[in-house]
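Before any comments, here is the structure.
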Amino acid sequence: MTAIPTRLLTVRTAGISIRFKIFGIAISLLGLIVLVVYVFTNRLQQVNEEVSALAEYVIPITDEVAAVNVHALEQELHFERVQKLYEIEPLDLDSIAKEFAAFEERDELVDAGITEAIALSKTALEAAKLLRNHEEWSHIEPLLKDIEIQHQQFHDHAVDIFMLLEAGDMVTARRLEEQLIDEASHLNENIHHVFQELEAFTISSVQASQRHQQTVQQLSLTVAAAATLFGLIYATIVTMELVRPVRSLARGMAAVRAGDLDVEFDITSRDEVGQLAQAFNSIVSELRLKAQLEETFGKYVDPRIVRNLLAESEDAQLIGDRRIMTVFFSDVMGLAAILSTLAPDNQIRGINDYLSLMSAPISSHSGVIDKFIDTVVMGFWGPPFAPAEAYARLACEAALAQADRLAELQQQIAAIAPAAAVSSLSLQVGLATGPLVVGNMGSHAAKSYTVMGDTVNTASRLQGIGKQYGVAIVIDEATQQQVAPVMATRELDLVQVVGKAEPVRIYELLGPRDSLSAAKQAALAAFAQGIAAYRQQDWATARQHFEQYLAIQSSDRPAQLYLERITTFVTNPPPAEWQGIWQLTQK
C-alpha cells in the first residue's frame, strides 16, 4: 500500500485554557468599564460555546459517523463475499458461516456507532445555549435516526437474501439484490449527507468564533488606547494567539472539504484549540483509512492480505520479511494447446473454468494465490495466513486436491472442445520449501503481496521435472522432511537442475501415509533398494529391484527410466567418483 504523504500545519498556543487568557486580558486593561467587561466576557463565552460544542459533540459525532461509514462498507463487502461463496460449487459452508458472522459483527458495530451518535446529538441538543446550535442539532438528530432505520432495512433484506440463497432460490435473491443495492446506495448517500452537515456546522462554528474573536480584538484595541503600554502589548499577543490557530483550523477544514486528506496538525498546545486540532486529526485519519481501504481493494484479491495490510502500520507494509515458506507451481499439460484451437469466447470460458477449479484448493488450504501465468498457477504458504509448521503439509494437501479435480476439469473442457483429446491432460505440480522474502512489491500504481527467492525457481523447475519422470507431484527434500510423518513419498532421483549449482533430491508425493496398501509399501521398498544399488553402481541388483517394482506397477515411468539408464551404464559405466547425480538439460 502506498504511504500517504502528510502536510503538517501547526497549532501552537500557550499551555493554558482560553478562560485564563481572557481573565489575563481583562486584568491587563486598566480602567475597563463594566459595560466593556460584560460585552468582552459575553463574546468570549460565545467563542467558548462554539469551541466546546465542536470538541465535545461535533468531533465525537463525526468520529462515530466516520466509523459507521467504514463498518457499513465492510458489511457490504462481507455481504458480497457470502454471495460469491454461494456461487461456488461445492458450497464452502465454513467460509459462508465465517463471512456471515463477520457480516453480523459489522452490523453490531454500525448499530452501536449510530446509537452513540444519536445519544451525543440528544445531549448536544439539551446542552445547546446558542440558538444556531440548537437549530443545527435539531436538524442533525432526525438524519441520524433515518440512517439507523435505513441500515436496519439493509440488514433485514440482506438476511432475507442469505436465506433465499441457502434455499437455492437464486431468481428471487437476485431480484431482492437489486433493491438492496439501491438501499445501500441511499444509506451511503445519507451518511455522506450527515458528513456534509457536520462539516458545514464545524465551519460555521469556526467562522462564528472568528467573528467573536474579531469583536474581542476591536474591544481590546479600544481599551488599549487608554491603557498602559504593557496592557497593549499583552492584549495583542494573547489575541493573536487565539486567532492564529483557529484560522489554521479553518484552512485545514477547507482543505479536507476540497478532498485534500494530506493535512494534519502538529499540536503543541493542550488548551481547547489543541483539543479541537487533535479531534480534527482523528477525523482526517478516519477518512484517510477509508481512502486506503478503497485503494487496497483495487490492488489485492485475497481478503486476508487486505486485512493484514490494514492492521499493520504504513512503514511495516513497505518492509520485506525473510521467512521459511513453501512455494507451489502447477500446470495441466496439453490444456493450452486445446484452448488455442477454440473460438475466443470458449477460450475465455475454458481458462476461467480451469483457473477457478484449480486455484480453489490453494485458497481452501490457507495458501495465497500469487499469480497466473498462462495455465500455470503459482501460490505460496507463509505468515500470517497459516502456522509455520503446517506450510508444507497444507501445500501437499492442496496438490493432492488438485489431482482429484483433474477428472472434473477434463469434463469441463470436453463440454467446450468435444473433439479434443482431454484424456491426455496431465497435472504437473512442483513444491519447494526454503527461505523467501515476502512483502508488498510493485510500482506506486499497483502492488502485489508476493514472494521472491531461489525457492521460487526451484519449485518452478520441479513442476517441469514431473513431466520427464512421468509423475504428477514432485517435491524437494525440505518439503519431504516436513511432511514425512503424515505423507507417503517416493524418492525419485538426485538431479542437477538447469540454473542451479547444487544437486536437488526430488520426491514424488503419493498421498496420505495411512492410505497406502501393504502391496504398495512393499513395492516402494523395492524401488528404494533399487535406487540404493544404482548409486553404488551395483547394476544387477538395481535392475532386479526395479523389475520387481514393475511387476507390481507395470507402467511406472521412473522405474522404466532407471532400467534404461542401467542398460546404458552397463556398456558405458560412469566415473568411479560418480555420486548418482543425474544432469537435467530441460527446465
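Nearest heavy atoms, A392 versus T433: CB-OG1, 4.2 Å. The heavy-atom pair separating V82 from F100 by the smallest distance is CG2-N, 3.9 Å. Considering every non-hydrogen atom in both A395 and T326, the closest pair reads CB-CG2, 3.6 Å. Here the shortest heavy-atom pairing between L120 and P60 reads CD1-CB, 3.9 Å. Minimum interatomic distance between L144 and I114 (heavy atoms only, all atoms of both residues): O-CG2, 3.8 Å. Summarising the geometry of L394 relative to A386, their closest heavy-atom pair is CD1-CB, 3.8 Å, with the distance given to 0.1 Å.
Between L176 and H157, the closest side-chain pair of non-hydrogen atoms is not below 4.5 Å. Side-chain contact between V376 and K371 is absent, with no heavy-atom pair separated by less than 4.5 Å. Looking at heavy atoms from C-beta onward, R323 lies in side-chain contact with P383 at the 4.5 angstrom threshold. A 4.5 Å side-chain heavy-atom check between L143 and H193 finds at least one atom pair inside the cut-off. Taking 4.5 Å as the limit, every side-chain heavy atom of D353 sits out of range of all side-chain heavy atoms of L357. In this structure, the side chains of F380 and I369 stay at 4.5 Å or more apart for every pair of heavy atoms.
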- prompt: Is there a side-chain contact (heavy atoms from CB on, under 4.5 Å) between D111 and H71 once you walk through the steps?
  reply: CA-CA 10 Å; D111 288 342; H71 294 321; over 6 Å; no

- prompt: Does the pair F372 and S359 meet the rule for a side-chain contact (heavy atoms from CB on, under 4.5 Å), with working shown?
  reply: CA-CA 9 Å; F372 301 122; S359 63; 4.1 Å; yes

- request: Carefully, step by step, assess N188 and L73 under the rule side-chain contact (heavy atoms from CB on, under 4.5 Å).
  value: CA-CA 8 Å; N188 292 331; L73 290 174; 4.3 Å; yes

- prompt: Hey, mind stepping through D182 and S185 against side-chain hydrogen bond (donor to acceptor under 3.5 Å, both in side chains) and telling me if it holds?
  reply: CA-CA 5 Å; D182 291 337; S185 177; over 6 Å; no

task: Before giving the answer on salt bridge (charged side-chain N to carboxylate O under 4.0 Å, His left out), spell out for K84 and E80 the whole-Å C-alpha distance, their side-chain angles and the decisive distance to 0.1 Å.
output: CA-CA 6 Å; K84 292 185 181 299; E80 294 174 0; over 6 Å; no

task: Dump the intermediate steps for side-chain contact (heavy atoms from CB on, under 4.5 Å) on M325 and T455, then the final yes or no.
output: CA-CA 9 Å; M325 301 169 62; T455 305; over 6 Å; no

message: Please determine whether side-chain hydrogen bond (donor to acceptor under 3.5 Å, both in side chains) holds for the pair N69 and H192, giving the CA-CA distance in whole Å, both sets of side-chain angles, and the decisive distance to 0.1 Å.
response: CA-CA 8 Å; N69 190 26; H192 182 67; over 6 Å; no

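Residues satisfying the side-chain contact (heavy atoms from CB on, under 4.5 Å) test with D156, not counting sequence neighbours, are Q152.
Note that the CD atom of Q179 and the CG atom of D160 stand 9.5 Å from one another [nearest 0.5 Å]. The NE2 atom of H186 sits 10.5 Å away from the CD atom of Q153 when rounded to the nearest 0.5 Å. Distance check, rounded to the nearest 0.5 Å: CD of E108 to CD of E105 gives 7.5 Å. Atom-to-atom distance recorded for I324:CD1 and E389:CD is 14.0 Å, nearest 0.5 angstrom. The OG atom of S95 sits 8.5 Å away from atom CD1 of I88, with the distance rounded to the nearest 0.5 Å. Going from atom CD1 of I140 over to atom CD1 of I118 covers 12.5 Å, rounded to the nearest 0.5 Å.
The six-membered or imidazole ring of F79 lies near that of F162, with a centre-to-centre distance under 6.0 Å.
Each of H155, E74, E76 was scored for a side-chain hydrogen bond (donor to acceptor under 3.5 Å, both in side chains) with R106, with one residue passing: E74. A side-chain contact (heavy atoms from CB on, under 4.5 Å) with Y86 is found for exactly one of L164, L91, I161, namely L91.
Look at E141 and K145 and you find a salt bridge, because one of the NZ, NE, NH1 or NH2 atoms lies within 4.0 Å of a carboxylate O, short of that distance.
With hydrogens and angles left out, the side-chain atoms of D107 and H151 include a donor and acceptor closer than 3.5 Å.
Here the side chain of W381 pairs a donor or acceptor atom with the backbone of H365 at under 3.5 angstrom. Counting only distance, with no hydrogens or angles, the side chain of N352 and the backbone of I348 share a donor-acceptor pair below 3.5 Å.
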